[in-house]
Amino acid sequence: MKRILILLVMMSAAATAQVAAVPSLAQTFGPYFPVGAAVGPDDTTGPHAEILKRHFNSIVAENDMKWARIHPAESTFEFSRADALAAFARTNHMRMRGHTLAWHRQNPEWLFQDANGNPLQPTAENKALVLSRLEKHIRSVVGRYRDDVYAWDVVNEVIDPGQPDGFRRSPWYLLTGTDYIDTAFRTAREVAPNAKLFINDYDTTDPVKRQFLFNLVRDLKRRGVPLDGVGHQMHVNIDCPPVADFVETVNLFVQLGVDQQVTELDMSLYHDSQDSYPRPYPVALDRQAARYRELFDALRQMKGKITGVTFWGVADDHTWRSSRTRTDWPLLFDNQTQPKAAFWAVVGAAQPAASTRNPGQ
Ligand code: G3I
């Protein structure tokens, strides 16, 4: 009995030593940039909270600061979920990014409707109405988190490379032209003069899209619109885009003297929307690890050009990449919140022989 007890104590000490031997992401990248994760209130307790406290020094609300959640009716704000996240960040000495103030998705219906519930038509009067709603929203939300949020995604996904002028035909655009962009940045600056103000988009490695984005950012800066940075979402997969394209994109925007961050990083194991696997297969996980390694090597080499890297989730057990019809495994921690091969590749350490390749997936 005594021997069994001693053995159990030794095994538990070994397990503790192994946990302690896992390098912290935040510490590893301390000299480079804060490492963030997109979260919800459920992540502030349990295993995800433990991962967050050890590996991340920045968070962003995955959904809880979006318009539909935080401002569901014209005179109703629902701050409780975002407040809980801000409190978690404060308690754990983490930074917080804010996402997002003007987007074409996750908006409440009232935002683009008149008092009778009819869709707003593009008139001068309705343009003024929508801009005043935007201004009020930003004053309330940015004002509330002025001491918590250090960087805002002020406008999100405004570029559509399929349009001749590159502007997405969102309700914002259809009702205000591009004036909503100016209003959003100017109001955010006024309310939170110390916050970094970002324009955020996906596929910024696409040459046509990034040129439209570049032209817009250059124009905003020339006209004195207070924009500080460009966010590259980076929802990538194990094949594309090439890391070299990302480096090229970052170097392009360096010319404009803007801050740059990776704002929504994850890496799907799928090449296209048709594939579906019951579980992640080793070749794909190895490929994912190699691609993450290549990306983070590039990020290290671009020290000073990238001021933040945020993953779009904590672990594979909660990711927008998984749907009812298929499961994906795009993050650094697996379903049991254990570090994957991709994690070890990112921190640049050998994966301990004792750990299975991707336990429990
Ligand atoms: O909360 C409701 C729940 O009450 C309801 O029962 C359920 C029914 O479908 O929906 C729940 O809301 C969902 C929400 O996520 C929270 O889980 C929405 O349907 C769903 O559309 C929403 O998806 C979010 C998506 O943005 C919406 O566009 C994802 O979680 C979120 O990860 C994703 O994040 C975006 C970034 O904001 C911008 N860049 C792309 C990125 C990935 O799409």
Side-chain angles (χ1 to χ4, degrees), residues 36-44 48 52 56 58-73 76-82 84-85 96-109 111-112 137-138 141 145 149 151-161 168 170-172 181 184 197-206 209-210 213 229-237 240-241 246 249 260-270 272-273 308-333:
V39 298
D42 289 354
D43 297 305
T44 62
H48 279 209
L52 285 167
F56 295 88
S58 179
I59 58 166
V60 60
E62 181 182 6
N63 287 299
D64 294 308
M65 286 188 174
K66 291 174 181 171
W67 200 310
R69 281 274 170 92
I70 209 164
H71 193 173
T76 309
F77 287 89
E78 298 280 359
F79 290 123
S80 58
R81 293 173 67 91
L85 298 180
M96 189 171 198
R97 298 190 84 262
H99 177 86
T100 176
L101 299 171
W103 191 24
H104 61 283
R105 301 191 64 186
Q106 285 180 283
N107 288 315
E109 287 183 356
L111 178 53
F112 302 116
H137 175 80
I138 292 178
V141 176
Y145 300 105
V149 168
W152 275 101
D153 291 332
V154 176
V155 296
N156 195 37
E157 303 173 3
V158 307
I159 301 293
D160 176 356
R168 179 187 293 281
S170 65
W172 291 113
I181 300 176
L197 305 182
F198 280 76
I199 186 167
N200 190 45
D201 218 320
Y202 62 91
D203 283 352
T204 57
T205 49
D206 174 272
K209 186 164 182 177
R210 78 177 162 209
L213 183 60
V230 171
H232 308 281
Q233 293 188 5
M234 295 290 280
H235 294 294
V236 300
N237 73 34
C240 57
F246 171 63
T249 296
Q260 296 188 70
Q261 299 198 351
V262 175
T263 51
E264 306 186 12
L265 178 59
D266 53 20
M267 189 183 293
S268 172
L269 290 197
Y270 295 107
D272 56 46
S273 55
V309 173
T310 297
F311 288 86
W312 207 244
V314 178
D316 286 345
D317 58 345
H318 174 89
T319 163
W320 76 285
R321 295 281 206 159
S322 291
S323 63
R324 258 183 230 110
T325 50
R326 75 173 186 187
T327 307
D328 204 343
W329 303 270
L331 296 163
L332 302 188
F333 297 90

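Numbering of ligands and ligand atoms starts at 1, following listing order. Nothing fancy with the numbering, it's 1 onward along the sequence. For clarity, every value in this text was computed on a predicted model and none was experimentally measured.
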Quiz item: Are any non-hydrogen protein atoms located under 4.0 Å from atom 20 (C) of ligand 1?
Solution: no
Quiz item: Which of these, V60, I59, V262, L265, sits in a side chain to side chain contact (heavy atoms under 4.5 Å, CB included) with T310?
Solution: V60
Quiz prompt | Numbered atoms and elements of ligand 1 in range of E157, under 4.0 angstrom, heavy atoms | solution = 38 (C), 39 (N), 40 (C)
Quiz prompt | Top protein contact for atom 33 (C) of ligand 1, by heavy-atom distance | solution = K66 NZ, 3.6 Å
Quiz item: For ligand 1, which atoms, with element, lie under 4.0 Å from some heavy atom of N156?
Solution: 38 (C)
Quiz item: Can you tell if the side chain of W172 reaches within under 4.5 Å of the side chain of L111, non-hydrogen atoms only?
Solution: yes
Quiz prompt | Of D42, D64, D43, the residue whose pairing with R81 passes salt bridge (Lys or Arg N to Asp or Glu O under 4.0 Å) | solution = D64
Quiz item: When rounded to the nearest 0.5 angstrom, what distance separates CG in D201 from CG in D160?
Solution: 9.5 Å
Quiz item: Do other residues, nucleotides or ligands put more than 12 heavy atoms under 6.0 Å from R326 CZ?
Solution: yes
Quiz item: When rounded to the nearest 0.5 angstrom, what distance separates CE in M234 from OG1 in T204?
Solution: 7.0 Å
Quiz prompt | ligand 1 contact by Y202, heavy-atom criterion under 4.0 angstrom | solution = no
Practice problem: Could you tell me whether atom 5 (C) of ligand 1 has at least one protein heavy atom nearer than 4.0 Å? | Solution: no
Quiz item: Going by the atom numbers of ligand 1, which of them fall below 4.0 Å from some non-hydrogen atom of R105?
Solution: 28 (O)
Quiz prompt | atom 36 (C) of ligand 1 - nearest protein heavy atom and its distance | solution = H99 NE2, 3.4 Å
Quiz item: Which ligand 1 atoms does Q233 reach within 4.0 Å, using its non-hydrogen atoms?
Solution: 39 (N), 40 (C)
Exercise. Could you list which atoms of ligand 1 come closer than 4.0 Å to a heavy atom of H235?
Key: 40 (C), 41 (C)
Self-check item: Protein residue, atom and distance nearest to atom 11 (C) of ligand 1, heavy-atom basis
Solution: R69 NH2, 4.6 Å
Quiz item: To which protein heavy atom is atom 22 (C) of ligand 1 closest, and what is the distance rounded to 0.1 Å?
Solution: Q106 NE2, 3.9 Å
Self-check item: Greater than 12 external heavy atoms within 6.0 Å of E109's CD
Solution: no
Exercise. Considering only non-hydrogen protein atoms, determine which one is nearest to atom 32 (O) of ligand 1 and report residue, atom name and distance to 0.1 Å.
Key: E62 OE2, 2.5 Å
Quiz item: When you measure from atom 24 (C) of ligand 1 to every protein heavy atom, which one gives the shortest distance, and what is it?
Solution: N63 OD1, 3.4 Å
Quiz prompt | Student check: side-chain heavy atoms of E264 and N200 closer than 4.5 Å | solution = yes
Self-check item: Closest protein heavy atom to atom 39 (N) of ligand 1, given as residue, atom name and distance to 0.1 Å
Solution: E264 OE1, 2.6 Å
Self-check item: Any F311 side-chain heavy atom under 4.5 Å of D266 side chain
Solution: no
Quiz item: Counting only non-hydrogen atoms of the protein, does one fall under 4.0 Å from atom 28 (O) of ligand 1?
Solution: yes
Exercise. Mark whether atom 41 (C) of ligand 1 lies under 4.0 angstrom from at least one protein heavy atom.
Key: yes
Quiz prompt | atom 9 (O) of ligand 1 [closest protein heavy-atom partner, distance rounded to 0.1 Å] | solution = R324 NH2, 4.6 Å
Quiz item: Should P330 and D316 count as side-chain neighbours, where that means a heavy-atom distance under 4.5 Å?
Solution: yes
Exercise. To the nearest 0.5 Å, tell me how far F79 CZ sits from I70 CD1.
Key: 5.5 Å
